[in-house]
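Here's the structure, in structure tokens; my notes come after.
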Amino acid sequence: MDKKAKYVDEDEISSWVNKSDIRFIKRTNINWGTISIVECEIALLKEATKNNYSYFHLISGVDFPIKSQDKIHQFFDDEDREYISWHVNGEHNDYFMDKIHFYYPLLKFVGKGEFDGPGRKKAFMRSLVRLQWRLLELQKKLNIYRTKKYKNIEFYKGDQWFSITHDFAEYIIKNERNILRMYNLSNTPDEMVIPTLAMNSIFRERAENNSLRQIDWHRGTPYEYTVDDYEELINNNNFFARKISYDKEPLLVNNLIRNIHGLNDQRNEPLVSIIVPCYNVEKYMDECVGSLLAQTYKNIEILLIDDGSTDSTGEIARDFAKRNNNVIYIHRVNGGLSAARNTGLDFAKGEYVSFVDSDDWVEPDYTRKLLDAIENDYSDMAVCGYIKEQTDTARVSFDGCKVISPHEAMKALGDIYPKENVLLVIAWNKLYRKELFEDLRFKEGVIHEDEFMSHRVISRADSISVLSDCLYHYRIRENSITGGSRMQDIKHLDIMDAFEDRLETVSNMMYGDIRILMLYTFFEGIKQLMVTFTDETIIKNGLMNKFRKRVLRMYFKNFKDLDNYQRKDYLKLIIFPNKYRNRVLDLVKNEGNR
């Protein structure tokens, strides 16, 4: 793990691996194009060769296997060759000898030299890039050619990725000192070390000019594969493909996994458990349960969880269960929405689960479309749009149908304003693989249970299908938890705990970029609460002092991750909370008048 990577938890990473042995070497700073990459590769080989493996495969973080492990093992079982790639200087129009002839002392600072845009720092870095090229020209004028002392060596260049034998791995380690001395301060030595060492040694006769990696340098540097390239990837003879971004192309990865494991034709009619918490909703039960019984997908069980209703809700639910074999009535002592959902999860027998609130209803193809999305995309959950049912209906949906990664979903949770945030936060417009809820339950005793759950479920999913179809009807009632006067309930402060939990979750997932967004979400959530609560509620419950203490703790705990504007802005909230609230109220008022 690069030393520059933040929030690395080796125990957390180890927990992701079920069967393979995983080890970590000492973290170091890796700088693009420098000897640090070679040092890291040798350190990895030193650790790996402690066990007597036959072959060692170096892959990048954006490599993905396009053949099964069985096929890869079968190929190498009878092999004794070194699979690397190489070409000589000038071949493929690549004249690379200047990279080893001369010294590049500034490369660790300037990297690829892309510093476009305004700002003193970027201007200074551009000056370093120019200085590096001046130093190169000076070395040429002074006839400083470091390779003069290596007259008997012919240099080669290729991919740094390889599949090599134990013997060659030990040979690389044995030559570590010479390698580091020869290539120190050169340019991109990681592309020269392995092919040059192999072709100037006894391993030359065993070397195959084939790294077994599908890498396209014609369409990019290198090209990043998309789902449109799926057929190309599965129909070539290589074992790995690069570059493949799971964040950008989760559907491509899912399709490759399905092909590797031979799951292309796997179709079934799994049982879906639909969990309906019910509490004093006698007016809406017929419409809700009726819409579930009318589902075009028939292999469902409907669990009606009577959460201690005091009206006729329980009787209506029991009657539905008597008249329909796939309806199950469960009574429990009143414990709230989370407790009712958890009871449903405990009783659910389905491979998939969905939550429907008892005052809402769904379209006839709600279950079918969500299930088809999961099975077609090989994803772990599916999300649809919904229709707000109030005086004026409004549709809230994604802009298109696609598959997104947990990283992209978390990014949406990190911004509380766009529609994608609420679409992913709420529990009821989704179909989940039930295994996502193993050892996971809704937090009881809070009123923002979805905010506590959404990021935890997403963190367990490998990918998520999102649909633009609005298949769920959300009824907004005055006496709902988030409606009307109940917005003055100070239990809405629970959302701050949810935001903190979300911050911790993305840190464990090594999502450093999203962690910054989650931190922003926390402070923006404080602002929203400050303007949501009335003056009377704030004074009665001493909320300003609560806000100040909460912000103060998070401010200093995460100070290094705040930018200069945030540090100044949130400090004002800590010192002058009332004045800060008035300013936020004015901003909201002015925005509403536009």
Side-chain angles (χ1 to χ4, degrees), residues 15-16 18 250 254 257-258 261 263 266-278 288-289 292-293 295-305 307 321 325-330 332 335 337-358 360 362 365-384 403-406 409 423-444 449-467 471-472 505:
S15 72
W16 303 343
N18 296 322
N254 288 353
I257 291 172
R258 183 155 37 183
H261 294 292
L263 302 174
Q266 184 180 10
R267 299 288 294 179
N268 54 23
E269 294 285 305
L271 178 64
V272 174
S273 299
I274 302 179
I275 298 169
V276 186
C278 310
C288 175
V289 181
L292 300 177
L293 291 171
Q295 290 297 288
T296 57
Y297 183 80
K298 297 303 181 183
N299 193 18
I300 63 174
E301 62 172 10
I302 303 167
L303 288 81
L304 304 180
I305 316 299
D307 190 38
N325 292 332
N326 64 338
V327 177
I328 301 162
Y329 171 73
I330 301 167
R332 56 157 293 129
L337 181 59
S338 290
R341 285 176 177 170
N342 291 339
T343 298
L345 286 170
D346 293 337
F347 279 87
K349 296 183 178 69
E351 184 180 339
Y352 296 92
V353 296
S354 181
F355 302 99
V356 174
D357 284 356
S358 51
D360 299 334
V362 297
D365 53 357
Y366 169 79
T367 308
R368 169 57 73 187
K369 284 191 173 181
L370 291 175
L371 181 60
D372 282 351
I374 289 178
E375 296 209 326
N376 291 335
D377 299 336
Y378 203 50
S379 57
D380 292 313
M381 53 187 284
V383 188
C384 68
V403 182
I404 63 174
S405 66
L423 283 164
L424 287 166
V425 165
I426 49 183
W428 38 251
N429 61 333
K430 301 172 177 66
L431 184 66
Y432 312 80
R433 291 188 191 272
K434 191 191 174 190
E435 63 192 42
L436 295 179
F437 288 93
E438 186 177 353
D439 304 323
L440 187 63
R441 292 295 183 266
F442 287 88
K443 188 176 180 65
E444 299 183 16
E449 57 284 316
D450 291 356
E451 295 282 2
F452 282 94
M453 178 60 79
S454 56
H455 55 277
R456 289 187 171 271
V457 174
I458 286 171
S459 72
R460 295 186 173 197
D462 286 333
S463 60
I464 301 153
S465 299
V466 299
L467 286 71
L471 306 173
Y472 191 100
T505 298

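Just so it is clear, the values below take in all heavy atoms, side chains as well, and ignore hydrogens, waters and symmetry mates.
- Side-chain contact between F437 and V353: present, with at least one pair of heavy atoms (C-beta onward) separated by less than 4.5 Å.
- Scanning both residues, V466 and I404, for their nearest heavy atoms gives CG1-CD1, 3.9 Å.
- Looking at heavy atoms from C-beta onward, V356 lies out of side-chain contact with W428 at the 4.5 angstrom threshold.
- Put simply, the side chain of P250 reaches to within 4.5 Å of the side chain of V403, judged on heavy atoms.
- No side-chain heavy atom of Y366 sits less than 4.5 Å from a side-chain heavy atom of L431.
- Among all heavy-atom pairs drawn from A340 and R332, the shortest one is CA-CD, 4.0 Å.
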Check step by step if side chain to side chain contact (heavy atoms under 4.5 Å, CB included) holds for V425 and E451. CA-CA 6 Å; V425 165; E451 295 282 2; 3.7 Å; yes
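- Minimum interatomic distance between P277 and I275 (heavy atoms only, all atoms of both residues): CD-O, 3.6 Å.
- Inter-residue side-chain proximity for I330 and L303 is flagged as met; some heavy-atom pair is nearer than 4.5 Å.
- The local environment of NZ in K298 is crowded, with over 12 non-hydrogen atoms from other residues, nucleotides or ligands closer than 6.0 Å.
- Between the side chain of N342 and the backbone N or O of R441, no donor-acceptor pair lies under 3.5 Å.
- Atoms CG and CD1, on L292 and I274 in that order, are 5.0 Å from each other to the nearest 0.5 Å.
- Only one option out of R456, K443, R341 pairs with D450 in a salt bridge (charged side-chain N to carboxylate O under 4.0 Å, His left out); it is R341.
- Pairing each heavy atom of N326 with each of I300, the nearest pair is CB-O, 3.3 Å.
- I302 is listed as a side-chain neighbour of L304, based on a closest heavy-atom distance under 4.5 Å.
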Criterion side chain to side chain contact (heavy atoms under 4.5 Å, CB included) on I464 and M381, from CA distance to verdict: CA-CA 5 Å; I464 301 153; M381 53 187 284; 3.6 Å; yes
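- Here the CD atom belonging to E375 is positioned 11.0 Å from the OG atom belonging to S465, to the nearest 0.5 angstrom.
- With rounding to the nearest 0.5 angstrom, the CD atom of E301 is 5.0 Å from the CG atom of L271.
- Annotation for D439 and R460: closest pair O-NH2, 3.9 Å, computed over non-hydrogen atoms.
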CA sep, side-chain torsions, deciding dist, call: V457, Y432, side chain to side chain contact (heavy atoms under 4.5 Å, CB included): CA-CA 9 Å; V457 174; Y432 312 80; 3.8 Å; yes
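- Here the straight-line distance linking atom OG of S454 with atom CG of L423 works out to 12.0 Å at 0.5 Å rounding.
- For the pair E449 (side chain) and F442 (backbone), a donor-acceptor distance under 3.5 Å is absent.
- Residues L337 and D307 share a closest heavy-atom pair of N-OD2, 4.5 Å.
- Of the possible polar contacts, one joining the N299 side chain to the E269 backbone as a donor-acceptor pair under 3.5 Å is found.
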Check against side-chain hydrogen bond (donor to acceptor under 3.5 Å, both in side chains), R368 and T296: CA-CA 7 Å; R368 169 57 73 187; T296 57; 5.1 Å; no
Please report the C-alpha distance between F355 and I426 in whole Å, then the side-chain angles of each, then the deciding distance to 0.1 Å, and finally whether the side chain to side chain contact (heavy atoms under 4.5 Å, CB included) criterion is met. CA-CA 10 Å; F355 302 99; I426 49 183; over 6 Å; no
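- Side chain of S354 to main chain of K430: a donor-acceptor pair is present (N/O by atom type, distance under 3.5 Å, no hydrogens or angles).
- The shortest distance between side-chain heavy atoms of C384 and N429 falls below 4.5 Å.
- Expressed to the nearest 0.5 Å, how far CG of L436 lies from CD1 of I458 amounts to 10.5 Å.
- With a 4.5 Å cut-off on side-chain heavy atoms, R433 and Y352 count as touching.
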